[in-house]
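Just follow the structure's listing: the first ligand is 1, and inside any ligand the first atom is 1. For reference, positions follow the sequence shown, starting with 1.
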Amino acid sequence: MPKHLIVIGGGFAGMSAAAYLAASGRKVTLLEKNTTLGGRARQLQARGFTFDMGPSWYWMPEVFEAFFEDFGFRRADLYPLQRLDPSYRVVFEEGELDLSADYPTLKAQLEAIQPGSTARLDAFLHEARTKYELAMRDFIHLPNLSFLEYLRPSFLRALGKLSLFSNFRRYRRRFIPDGPVGQIMDFPILFLGGVAENTPALYSMMNYVDIGLGTWYPEGGMYRIVEGMRTVLGHVGVSIHTGAEVKGFAMEGGRVRGVKLEGETLPCDGVVAAGDYAAIEGMLPKHLRNYPPAYWERKTFAPSALLLYLGFDRRLPNLQHHNLFFDVPFAAHVEALYHRPAYPEKCLFYLCCPSKTDPTVAPQGAENVFVLVPLSTHLPPDGERERGLIRQVLQRLSARCGFDVQGHLVFRKKYNRNDFIADYHAFKGNAYGLANTLLQTGPLRPHLRNRKLRNLFYAGQLTVPGPGVPPAIISGKIAATLAASEIK
Ligand SMILES: Cc1cc2nc3c(=O)[nH]c(=O)nc-3n(C[C@H](O)[C@H](O)[C@H](O)COP(=O)(O)OP(=O)(O)OC[C@H]3O[C@@H](n4cnc5c(N)ncnc54)[C@H](O)[C@@H]3O)c2cc1C
């Protein structure tokens, strides 16, 4: 009889873990509390619009290619992909820039908006690429259970190139001065849930991901990845149960013997828990948790967010697919996010308009818009403040479009911190996990293995390698490998 493993959570990490475990010959049951797979990347369909509810930046395409190839699939047979050009637009307090996907053109654009800023851009990106390639080849798949994993010749040889002990901001300034170009280089760090000051310079690799590898779009939207992974799960024989919320564990003799659902216990030989780590541990008795509640309180989480899914009955001019509204002071919003939690007076926001690229996500002649305003995880939702932010976003969008967009709004849905908690059991409503700060990187992140229950493993954006769709997929693979080595 093959061993039976249960995977909790149908986000990218859980789907990835389930696929690898099933392919290794285990019987696998995937339990997801929501009615569809995808986790933070679920889909919302309304009034002819198709919204991706979470991620919209398809970065690190090789991770997706590798995942599908591991199961004998070609990504291209599952969904078509196109590279966006321009990659994205940044709106500054003064002016804006559409970042070309062609490096020489981009470099000239950057030099034009900030003369002298690109003198060392090649060197900066060369180091970024070196870090990325080393990480992908040697480190990203490590379980990070101990620093000893890094006592390997390839890591020791590379140590000098990884800038482990500097923060990103300080490091970036050695190559690129502050100003609009510096701000563009700091932007990819936001994906890691932190800011340039508290993120290790190692992550300048994200600048290579951005500029070197590019921004891509799966036709039909990010949910196509979820559908592709679901195809893989079917192929390897994973039994998928949606609407199946795990409420607790049955344990005996230092092992998990089953997971508890409403009214029943499913027996199993092991578990990979790929829901939010803190909530999963909250279902264990205190003495069997890896971390006490105070641990999570001390951690730096990626922000929560106010999200808007907006459908307009006409095209909106003067937008690209990805638009970063950095047209208000950056530092004040960052202060409100991480240091003095508050609703920002003037908010930075990200606006995605996928109908600029893809006619299938909106009715003909209409526009599909997703807005993300990052907010501190320490702020309880406040209807009045949220309405103020929404007004602000729509006013700035109207100013950009040259007419009052509100008169053309035919669909509007708001999503906030409470929704993250209700839908994903997200600790304090974090949107994308635990930030990759200096003290929350590698072995310093929550461990993939429960130290007291030998057959309980964790995966997902709160573990290694960190937040983001590609890291979540990798995390599932690492956890599955660990679980498979334990549960034979
Ligand atoms: C608004 C937003 C924008 C983002 N933008 C990007 C982007 O552009 N590019 C990018 O790469 N990344 C982006 N991210 C981050 C990325 O989406 C996440 O890091 C990734 O999807 C996390 O995957 P996961 O599997 O770790 O967690 P999740 O997606 O949260 O999956 C965990 C699953 O576990 C389920 N679950 C939890 N508890 C239980 C339980 N008790 N029983 C059963 N099921 C349970 C949850 O319902 C959920 O489906 C974004 C995230 C958000 C929220």
_I need the nearest protein heavy-atom contact for atom 35 (C) of ligand 1: residue, atom name and distance, please._
E32 OE1, 3.2 Å

*Does some non-hydrogen atom of W59 fall short of 4.0 Å from ligand 1?*
no

*Mark up the atoms of ligand 1 that fall under 4.0 Å of a heavy atom belonging to A13, in ascending order.*
25 (O), 26 (O)

*According to the interplanar angle, ranging from 0 to 90°, do the rings of Y58 and Y79 count as parallel (below 30°), tilted (30 to 60°) or perpendicular (above 60°)?*
perpendicular

*For N290 and Y458, does a side-chain donor sit closer than 3.5 Å to a side-chain acceptor?*
no

*So does K477 pair up with D70, basic N to acidic O under 4.0 Å?*
yes

*Is the H321 to Y217 ring centre distance short of 6.0 Å?*
yes

*Mind checking whether S475 contacts ligand 1 via backbone (N, CA, C, O), side chain (CB onward), both or neither, at a 4.0 Å heavy-atom cut-off?*
neither

*asked:* Please determine whether any non-hydrogen atom of P470 lies less than 4.0 Å from an atom of ligand 1.
replied: yes

*Is there any N or O on F191 that sits under 3.5 Å from an N or O of ligand 1?*
no

*Kindly determine whether Y338 and N198 satisfy side-chain hydrogen bond (donor to acceptor under 3.5 Å, both in side chains), including the steps that lead there.*
CA-CA 10 Å; Y338 294 102; N198 67 6; 6.0 Å; no

_Top protein contact for atom 53 (C) of ligand 1, by heavy-atom distance_ = A431 O, 3.2 Å

*asked:* Is S56 close enough to touch ligand 1? Criterion: a residue heavy atom under 4.0 Å from a ligand atom.
replied: yes

*asked:* Give the atom numbers and elements of ligand 1 that come within less than 4.0 Å of a heavy atom of E245.
replied: 42 (N)

*What residue and atom, counting heavy atoms only, is the protein's closest point to atom 30 (O) of ligand 1, and at what distance?*
R40 NH1, 2.6 Å

_Does only the side chain of H425 get under 4.0 Å from ligand 1, or the backbone, or both, or neither? Count heavy atoms._
side chain

*Element-labelled atoms of ligand 1 that are located less than 4.0 Å from some non-hydrogen atom of L307*: 1 (C)

*If every non-hydrogen atom of K299 is compared with every non-hydrogen atom of L434, which pair is closest and at what distance?*
CB-CD1, 3.5 Å

*For ligand 1, which part of P55 has a heavy atom less than 4.0 Å away: the side chain, the backbone, both, or neither?*
both

*Could you tell me which atoms of ligand 1, counted from 1 in the order shown, lie closer than 4.0 angstrom to a heavy atom of L31?*
43 (C), 44 (N)

_Residue and atom name of the nearest protein heavy atom (relative to atom 43 (C) of ligand 1), distance in Å to one decimal_ = K33 N, 3.3 Å

*Counting heavy atoms only, which of V469, L462, T35, D423 comes nearest to atom 12 (N) of ligand 1?*
V469

*asked:* Pair K356, E367 - check salt bridge (charged side-chain N to carboxylate O under 4.0 Å, His left out), show working.
replied: CA-CA 8 Å; K356 292 288 176 213; E367 209 85 274; 2.7 Å; yes

_ring-ring contact (aromatic ring centres under 6.0 Å, His included) partner of F187, the single match among W57, F168, Y350_ = W57

_Between E262 and K247, is the salt bridge (charged side-chain N to carboxylate O under 4.0 Å, His left out) condition met? List the steps._
CA-CA 7 Å; E262 194 70 54; K247 305 277 189 185; 3.7 Å; yes

*Where is the nearest protein heavy atom to atom 19 (O) of ligand 1: which residue, which atom, and how far?*
Q461 OE1, 2.6 Å

*Any idea which atoms of ligand 1 are less than 4.0 Å away from a heavy-atom of G460?*
26 (O)

*Would you check if there is a donor-acceptor pair between the side chains of Y424 and R42 at a distance under 3.5 Å?*
yes

*Looking at atom 41 (N) of ligand 1, what's its closest protein heavy atom, distance included?*
V246 O, 3.1 Å

*Does even one non-hydrogen atom of S16 get within less than 4.0 Å of ligand 1?*
no

*Under 6.0 Å between the ring centres of Y20 and F67?*
yes

*Would you call the rings of F51 and F49 parallel, tilted or perpendicular, where under 30° means parallel and over 60° means perpendicular?*
parallel

_Residue portion contacting ligand 1 (non-hydrogen atoms closer than 4.0 Å) for A274_ = backbone

*At a non-hydrogen distance cut-off of under 4.0 Å, which region of I8 contacts ligand 1 (side chain, backbone, both, or neither)?*
side chain

*Numbered atoms of ligand 1 (with element) below 4.0 Å of G39, judged on heavy atoms*: 29 (O), 31 (O), 48 (C), 49 (O)

*Which residue and heavy atom of the protein sit nearest atom 8 (O) of ligand 1, plus the separation*: W57 N, 2.8 Å

*Which part of F420 is near ligand 1, with near meaning a heavy atom under 4.0 Å away: side chain, backbone, both or neither?*
side chain

*Is it the side chain, the backbone, both or neither of Y432 that has a heavy atom closer than 4.0 Å to ligand 1?*
side chain

*Is a side-chain donor-acceptor pair under 3.5 Å present for H241 with T29?*
no

*Within the side chain of N436, is there an N or O that forms a donor-acceptor pair under 3.5 Å with the backbone of T441?*
no

*atom 23 (O) of ligand 1: the protein heavy-atom neighbour that sits closest, reported with distance to 0.1 Å*: A472 CB, 3.6 Å

_Minimum side-chain heavy-atom gap N368-C352 below 4.5 Å_ = no

*Numbered atoms and elements of ligand 1 in range of G275, under 4.0 angstrom, heavy atoms*: 34 (O), 37 (C)

*Closest heavy-atom pair and its distance - W216, L81*: CE3-CG, 3.9 Å

